[in-house]
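Here the structure is laid out as C-alpha cells; the discussion comes afterwards.
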Amino acid sequence: MSGGTSVQLRLLVWLKAKLVWRNLARNKAAAVGAVLALLFLVPSAIGVAFACGIGFQALEPFYAEHLLRAVLLGAYLVWILSPLFGLALTEDYDLSKLLVYPITPRTAFAGALLGSLLDLGVILLIPTLVAVLVSFSTDPVAVPVIVIAEVLLLAHVVGLSQIIRLASARIMRSRRARDVTIVLVPLGLAAVYAVTQLLPRAALDIDWQRFLNGRTWQVVSYLPPGLAAQAIGGASRGALGLPLAYCALLGAITAGTLYTAGWLVDSLYRAEAAHAPVRRRVPVRPQQEVPTRSAAEATGADTLFGLRVPPVVAAVAEKEVKYLLRDPAAKSLFAWTIYMLIVFLVMFLHGRLTATGQTVSEPILWGLVGFLLMGESQLALNIFGFEGAASATLFLFPSRRRDILIGKNLVHFLGMCAVNAFMLVLLAAAAGAGHLVPQLVALMVLGSAVLVACGNVTSVLLPVKMKLDRWGIRRQSSSESIAYMFLYLLAMIVIGALALPAIAAIVVPAIWFGSVWLALTVPLGGAYCAVLYLASLHLSENALMRREPDVTAKLTGEKDG
Amino acid sequence: MSEAEARAETGAYSILATGLTKRFGEVVAVDRIDLRVGEGEFFGFLGPNGAGKTTTIRMLCGLLRPTEGTIRVAGHDLDREPLEVKRRIGVLPEEISLYERLSGEEFIVFSARMHGLQLDEARSRATDLLELLELTEAKDRLIVDYSMGMKKKTAFAAALIHQPKVMFLDEPFGGIDPISVRAIRNVLQHLAGRGTTIFFTSHVMEVVERLCTRVAIIHEGRIVGDGALAELRAKAQAGSDSTLEDIFMKLVDARGDEELLSWL
C-alpha cells in the first residue's frame with residue numbers, strides 16, 4: 001500500500017468518525033437514538049450472546065453446531081436485508097461525493113469497509129462472535145481458525161451489505177423505483193406479519209430432526225454463515241484440514257464479494273461521470289409575441305364532484321386529488337392503510353377460525369373507527385405539512401384562504417370517507433358483524449368531519465414539515481420535536497373532547513336506546529359537525545392570514561428571527 | 001403620511017420599503033433599508049452572497065415577516081392587505097419550490113386559476129407560455145422529472161400568467177439555456193415597456209447593466225448604492241468608462257485577491 005493510499009484511508013476513517021460524531025452532536029433525535037441503542041440494543045446484544053453461549057454449552061456438539069449455523073444465518077439475514085428496508089446498519093458517507101478527489105474507487109471502498117467497524121451493526125454483532133469464540137475454543141489450535149472464520153464472515157457481510165446498498169442506490173435514482181419502494185415496504189411488512197401469525201403453528205408441526213438432516217438445511221450450510229459455522233464446529237472438534245478448507249472457501253467468497261463491491265463502486269464512479277446531462281438541441285425559432293390577453297377575473301364557478309364551487313376551490317381540490325394519487329407521501333399513507341387492513345383482517349379471521357368461531361366484540365369495532373381516523377390524522381391535522389417548500393408558492397396566490405382550506409378539506413373528507421367506508425365494510429364482514437356497518441360508517445363520517453374541522457386549526461397553529469423516507473412519512477426530527485409531541489397530545493385530547501357529541505350521537509342510541517333514535521341523533525350530530533366546521537374555517541382563515549410567513553418558515557425548515 | 005407613501009399610494013412607486021429590517025437571532029440579515037421603485041422601472045438589486053438580497057425579496061413578497069419596517073407594493077400595504085399585494089405580483093424565487101407531482105402544464109394552469117383566471121383562458125395562456133419557453137414537448141411530464149432550468153422556466157411562466165404589475169425575480173437566468181434566457185429577457189423588456197415593474201437580482205453584471213434602468217447595491221444588509229449607472233459611478237468615484245462590475249467592487253469594498261494567491 002502506497003503512502004498516499006494509507007493517508008487517504010486514514011482520512012476516510014477520520015471522515016467517517018467525524019460524520020458519525022457530528023450527526024450525534026447536531027441531531028438530537030440521532031443522539032437520543034444512540035442513547036436508546038446503548039441502553040437497550042447493546043444489553044440486548046449481550047443478552048443474545050449470553051443465551052447463545054449457554055445454548056452452545058448446554059447442547060450436544062451436533063446440535064450446538066446447528067444452533068451456531070442458525071445464529072450466524074440470522075445475523076447474516078438481518079445484515080443483508082436491512083438496507084433494503086432503509087434501515088442503515090452502516091452510517092455511510094456518500095461515496096459519490098468522493099468523485100471529485102484523486103482517489104481510486106477501491107480506496108474509497110476500502111475506506112468505507114474500515115469505517116464500518118465503527119457502525120452499530122458491527123458493534124452489536126461482536127458479543128455474539130465473542131460468545132462463539134469462547135464456547136467453541138475447546139482446543140488452542142481451534143482459536144486461530146475460529147478467529148479467521150469470524151473475520152472472514154464479518155468482512156463478507158460488510159462487503160455484501162455495501163453491494164446491496166450501492167445497487168439499491170443505483171435503483172433508487174429512479175423516481176419510479178423510489179415511489180414503488182415506498183408503497184412496497186408496508187405491503188412487505190404486512191406479508192411478514194401474516195407469515196409470523198401463521199409460522200408458530202407451522203413450527204409445531206415440523207419434524208426438526210428430519211429438517212436438520214434435510215436438503216434445505218444442507219443448502220444453508222454451504223452459504224457463508226454455514227461455511228463459517230462448519231469451520232468453527234470442525235475446529236472445536238480438533239480437526240484442522242476440513243475447517244481450513246471451509247475457511248479457504250469462505251475466504252474465496254469474501255474476496256469475490258469485496259471484488260464485486262469494489263467493481264460496483266468503480267462503475268458507480270464511471271456512471272456518475274458519464275451521467276452528465278446532455279442537452280437536446282432545440283431549433284431556433286423566430287421570436288414570438290408575448291401573450292397579451294386581458295386578465296379575466298374570478299367571476300364564475302367550476303364544477304367539482306358534481307357540485308358548483310368557486311374556481312379556486314376547484315383548482316385546489318383538483319391539485320389535491322392529483323397529489324393524493326401521485327405523491328409518494330400520500331401513496332405511502334394509503335399503503336399503510338392497506339397494511340392496517342391486512343393486519344386487522346388476519347386478526348379477525350384468525351380469531352374467528354381459532355377461537356371456536358367467536359366473533360370480534362362490538363367495542364373493538366367501535367374503537368376501530370377511532371383507530372382508522374387516528375391513522376389518517378397526520379394528513380388531516382397537518383394539511384400544509386405535505387406541501388413542504390411548495391407552501392411558499394401556495395401562499396403567494398391571492399386567493400381567499402377560506403377557498404384554499406375548503407378545497408383541501410373537501411378532498412380529504414371525501415377521500416377519508418371513501419377509504420374508511422371500504423375498510424369498515426370489509427372488517428365488519430370479517431368480524432361477522434355486518435349489521436353494524438351503517439352505524440360504524442355514520443360514526444366514521446361524523447368523526448372525519450370533526451377531524452377535518454379541527455385539522456384546519458392545528459394545521460395553521462402547529463404546522464410540521466413532513467419528511468419522506470423508505471419507511472414512509474414521518475415528522476422532520478428537530479429540537480422542537482418533544483415540545484411538538486406534547487402540544488400534539490394536548491390537541492388530540494381537545495379533539496377527542498370536541499368529538500364527544502358526534503360520538504354520542506351514534507354510539508349512545510345504537511348501544512342503549514335502540515337504532516330508531518338514530519333518525520333523530522344523526523342529523524343532530526351532522527348539524528353539530530357543520531357548526532364546528534364553519535367555526536374552524538373562520539378561526540383558521542384569520543389565523544392563516546396572520547401566520548403565513550411562520551407556517552412557511554416551519555414547512556421549509558427555515559429558522560426565523 | 002410621508003410624501004413617498006403618498007406617491008406609493010397613488011401608484012407612482014410600485015415598491016416602497018421603509019426601515020426594512022430582518023434579524024435571525026443575533027444576525028442582522030437586512031438592516032433598516034429603504035427602497036423606492038417607480039412604476040415600469042427595471043430595477044436591479046445586487047449584492048455579494050449573503051448580503052440580504054433574497055431575504056429582502058422574500059419580505060417584499062410577504063413570504064418572510066420583517067422584524068421592523070413597512071412595505072407597500074402596487075399601492076397596497078403588505079401587512080394590512082397581503083392578498084391585494086399578491087394579486088398584483090409575480091414571483092420567481094431563487095429556490096424553486098413547485099408542486100412537483102403536477103405536470104408542467106397542470107402547474108401553470110393551476111397557478112392561473114389560483115389567480116382567478118377562467119379555465120379556458122388559463123389553458124390558452126399556458127399553451128402560449130409553454131411554447132415560448134420551449135416546454136411544449138415536456139408539458140405532460142411531472143415537474144419532479146424536470147431539469148433545474150425547466151423548473152425555473154415553469155416557475156417563470158406561472159409567475160407571469162396573470163399579468164402581474166410587479167415582478168420579483170431572484171436570479172432568473174441561473175441554469176437556463178441561452179435560447180430561453182433570450183426569450184425571458186425579451187418578455188421582461190416588453191413588460192417593463194408596458195408599465196410592469198421588474199425587481200430583479202442577478203450576479204451577472206453585464207445582464208443587469210444591459211437591462212436595468214436603476215440599480216441598488218446591498219452589502220452586509222445595508223444599501224451602499226442606489227441609482228442609475230451614472231449616479232452609482234459618482235457615488236463610487238469611478239471613472240466614466242467604468243463598468244457596473246467595477247462600481248460594484250468599489251462599493252462593496254471587495255479586495256483584490258491577487259496577493260492572497262501569490263503561490264498560485
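This one's a predicted model, so the numbers in the text were calculated from it and none came from an experiment. Chain letters run A, B, ... following the sequence lines, proteins first, then strands; residues in each count from 1.
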Discussion item. Tell me which of these, A:Leu394, A:Asp403, A:Val316, has more heavy-atom pairs under 4.5 Å with chain B than the rest.
Written reply: A:Leu394
Worksheet entry | B:Lys151 atom NZ, neighbour heavy-atom count above 12 within 6.0 Å | yes
Discussion item. Can you tell me how far apart CZ (B:Arg113) and NZ (A:Lys319) are? Round to the nearest 0.5 Å.
Written reply: 13.0 Å
Worksheet item: So, does B:Lys86 use its side chain to make a donor-acceptor pair with the main chain of A:Phe395 at under 3.5 Å?
Response: yes
Worksheet entry | Least distance between heavy atoms, B:Gly62 atom then A:Pro549 atom | O-CG, 3.8 Å
Worksheet item: When rounded to the nearest 0.5 angstrom, what is the spacing between CD in B:Glu100 and CZ in A:Arg326?
Response: 13.0 Å
Fill in: Which portion of B:Glu84 sits near chain A, non-hydrogen atoms under 4.5 angstrom
neither
Worksheet entry | Neighbour count above 12 (heavy atom, 6.0 Å) for B:Asp79 CG | no
Fill in: Value rounded to 0.5 Å, distance of CD in A:Glu318 from CG in B:Leu102
10.5 Å
Worksheet entry | side chain to side chain contact (heavy atoms under 4.5 Å, CB included) against B:Thr127, all qualifying residues, sequence neighbours excluded | B:Glu105
Worksheet item: Between NE2 of B:His115 and CZ of A:Phe397, what distance do you get to the nearest 0.5 Å?
Response: 5.5 Å
Fill in: Considering all heavy atoms, the nearest A:Ser399-B:Leu83 contact
O-CD1, 3.7 Å
Item to complete: Of all the heavy-atom pairs spanning A:Tyr323 and B:Leu98, show the shortest one and how long it is.
Response: OH-O, 4.4 Å
Worksheet entry | Gap between atom CE of B:Met114 and atom CG of A:Leu396 - 0.5 Å precision | 10.5 Å
Worksheet item: side-chain contact (heavy atoms from CB on, under 4.5 Å) with B:Ser97: which of A:Thr552, A:Thr393, A:Leu555?
Response: A:Thr393
Response to the item:
One option among B:Cys61, B:Ala29, B:Ser111, B:Pro82 has the most heavy-atom pairs under 4.5 Å with chain A, and it is B:Ser111
Fill in: Closest non-hydrogen atom pair between A:Arg546 and B:Arg65, with its separation
O-NH2, 3.0 Å
